[in-house]
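The structure presented is a predicted model; accordingly, all values stated were derived computationally and were not measured. For this chain, numbers begin at 1 and follow the sequence in order. Side-chain atoms are counted along with the backbone in the values below, which use heavy atoms only and exclude waters and symmetry mates.
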Amino acid sequence: MEVLAALNLGDVAQVFSKMGMFPVFDVAYYIVSILYLKYEPGSVEVSRRSPVASWLCAMLYCFGSYILADIMLGSSPIDYFQHNSHILLASAVWYLIFYCPLNLFYKCVAFLPIKLVLVALKEVVRTRKIAAGVHHAHHAYHHGLFIMVIVGYVKGSGVALISNFEQLLRGVWRPDTNEILNMSFPTKASLYGAILFTLQEAHWLPVAKSTLILLFTLFMATSKVVMTARHSHGSPFALIESWVCHLLFGSPLGGSEEDHHHAPAAAPSSPLKTKEELSEGARKRKAKKAE
C-alpha cells in the first residue's frame, strides 16, 4: 500500500473511476461488438435478407449483458431500451458497419491500429459493467455473495452467454459453441473479475474499489490488445488453470485446456480466425466480381 501511495495511484484511480463512459467508450464498445457480429458466418447475408433480424442481433451484442442481468434480478428484459441515446447510437454503428457505401466505415474500424484502440476502450466498459453488476446485486441481496458473482459475471460476458439465442435469430444453431463449455478469455476474465469485485464489496479484499477498477482495467486492456495484435487465441490464465485443474480435479497437467488454447495456431479451426478469414475471403470475392 505504501508503494501505491508513493505512485499517487489512489488519486489517479479516483479520477479514472469517475470518468463517464458515454459517448466515447460506449461507442468503442458498440463498434467492437458489432464488428465481431459481422465476423459471424452468414451475418452479412442476414443483413441483406432481413435488416430487422440483423438489427436485433446487433442489439443483443451490445446490450445482451444488461438484458440477461435484468432477467436474473427480476426486472423487465427490455428495461435498458428506455435509454434512447444508447439505442440510437448503437443502431447508427450497426448501420454504418453493415450498410456504409463501399464498406468504408467497416474498413476503417477493422484497420488494426484503430481496432486495437477500440478494443482497449471496450475493456474499460467491460470492467465498469462487472463492478456495476456486483454493486447492483449487493443492494438487492446484501449477503448473497454467489449472486453478486453471477450478476457481475453476466454483466461482463452476457453477450457470449446468450450467443446461442442470437444464433437462432440469424437462423443458425451451433450448440457446440456454448460459452459455458468452451469459455473464451473475456468470459473467464469476467468471472474472475466478478469474484474480485465481490470480495471487495464484502470488504474481504483490502483494496479501494476505484483502485481495483483501474488495475483490472489495465490488465484486461493490455491482455486484449496484445492478443488482438498477435491474433492469439491463448489465455494468460492457461498455465495457472492447467495446474489448478490437475491439482483439484485430476485432469492432466497441460491437458485439453492448454491444447484448446494453442490449437488455433496450428489448425484453421479457430472460431475467431475462421470468421476473419471468411470475412476477408468474402470481401476479396466481391471485389473481383465488381471488377
Side-chain angles (χ1 to χ4, degrees), residues 26-100 103 105-106 109-110 118-119 122 125-126 129 133 150-151 153-184 186-187 190 269-283 286:
D26 285 327
V27 168
Y29 186 91
Y30 302 151
I31 289 175
V32 176
S33 297
I34 299 176
L35 191 63
Y36 287 145
L37 170 62
K38 191 166 185 177
Y39 288 156
E40 290 288 341
S43 62
V44 175
E45 289 76 7
V46 170
S47 69
R48 300 294 185 267
R49 185 173 67 251
S50 177
V52 173
S54 178
W55 180 81
L56 287 173
C57 291
M59 294 305 101
L60 284 179
Y61 262 71
C62 294
F63 308 115
S65 57
Y66 297 102
I67 294 172
L68 190 55
D70 284 340
I71 293 174
M72 295 179 65
L73 292 174
S75 301
S76 172
I78 61 173
D79 186 62
Y80 195 81
F81 283 79
Q82 67 181 312
H83 302 292
N84 297 323
S85 55
H86 288 269
I87 303 302
L88 291 173
L89 192 58
S91 299
V93 171
W94 160 76
Y95 186 86
L96 289 172
I97 287 181
F98 280 95
Y99 303 104
C100 181
N103 232 9
F105 186 78
Y106 170 77
V109 297
L118 296 173
V119 165
K122 179 182 179 180
V125 179
R126 188 196 304 275
K129 289 169 66 177
I150 293 171
V151 175
Y153 172 52
V154 166
K155 274 291 188 76
S157 59
V159 178
L161 295 175
I162 63 173
S163 60
N164 291 113
F165 177 73
E166 182 273 330
Q167 290 167 4
L168 289 177
L169 291 177
R170 289 189 287 112
V172 180
W173 175 244
R174 298 174 58 195
D176 58 306
T177 61
N178 188 312
E179 191 68 19
I180 299 297
L181 294 176
N182 302 290
M183 296 176 68
S184 60
T187 304
S190 296
S269 59
S270 164
L272 183 56
K273 187 175 180 181
T274 302
K275 295 170 191 173
E276 293 177 343
E277 288 177 347
L278 288 172
S279 178
E280 183 67 25
R283 290 198 303 271
K286 290 178 180 178

request  = For Asn178, enumerate each residue passing the side-chain hydrogen bond (donor to acceptor under 3.5 Å, both in side chains) test, keeping only those at least two apart in sequence or located in another chain.
outcome  = none
request  = Rounded to the nearest 0.5 Å, what's the gap from OG on Ser33 to CG on Leu60? Could you check?
outcome  = 11.5 Å
Closest contact, heavy atoms only, Ala69 versus Val154 = N-CG1, 3.7 Å
ask   = Which atom pair, heavy atoms only, marks the closest approach of Gly133 to Val151?
value = O-CG1, 3.4 Å
Would you be so kind as to tabulate the donor-acceptor pairs closer than 3.5 Å made by side chains of residues 85-100, with sequence neighbours excluded?
unit_1, atom_1, unit_2, atom_2, d
His86, ND1, Tyr30, OH, 2.9
Ser91, OG, Trp55, NE1, 2.8
Ser91, OG, Ile87, O, 2.7
Trp94, NE1, Ser54, OG, 2.9
Tyr99, OH, Ser47, O, 2.5

message = Checking the side chain of Gln82 only, and the main-chain atoms of Asp79 only, is there a donor and an acceptor separated by less than 3.5 Å?
response = yes
ask   = What are the two closest heavy atoms between Tyr39 and Ala110, and how far apart are they?
value = OH-CB, 4.4 Å
message = Using side-chain heavy atoms (C-beta onward) and a distance below 4.5 Å, is Asp70 in contact with Pro77?
response = no
inquiry  = Within the 4.5 Å heavy-atom criterion, are Cys57 and Leu37 side-chain neighbours or not?
reply    = yes
key: Where Val159 and Gly64 come nearest, the two heavy atoms and their spacing   = CG2-N, 4.3 Å
query = Just by modelled atom types, is the Tyr29 backbone N or O under 3.5 Å from a matching donor or acceptor in the Arg126 side chain?
reply = no
task = Determine whether Lys38 and Asn103 make a side-chain contact, defined as any pair of heavy atoms from C-beta on separated by less than 4.5 Å.
result = yes
remark   = Rounding to 0.5 Å, atoms CZ (Arg170) and CG (Leu56) come to a distance of 12.5 Å
query = Would you say Ser157's side chain and Tyr153's backbone share a donor-acceptor pair under 3.5 angstrom?
reply = yes
request  = Starting from the C-alpha separation in whole Å, work towards a yes-or-no answer on side-chain contact (heavy atoms from CB on, under 4.5 Å) for Lys129 and Ser65.
outcome  = CA-CA 9 Å; Lys129 289 169 66 177; Ser65 57; 2.7 Å; yes
note = Interatomic distance, CG@Leu169 vs OG@Ser43, rounded to 0.5 Å, equals 13.0 Å
message = Nearest 0.5 angstrom please: Asn164 CG to Glu179 CD, how far?
response = 9.5 Å
ask   = Is there a side-chain contact between Tyr61 and Glu40, using heavy atoms and a 4.5 Å cut-off?
value = yes
key: Distance in Å, Ile67 CD1 paired with Ser75 OG, rounded so as to fall on 0.5 Å steps   = 12.5 Å
ask   = About how many Å separate CG of Asn182 and OG1 of Thr187, when rounded to the nearest 0.5 Å?
value = 10.5 Å
ask   = With a cut-off of 6.0 Å (strictly less than), are more than 12 heavy atoms of other residues, nucleotides or ligands near CD1 of Ile78?
value = no
message = Using only atom types and a distance under 3.5 Å, with no angle test, would you say the side chain of Gln167 pairs donor to acceptor with the backbone of Arg174?
response = yes
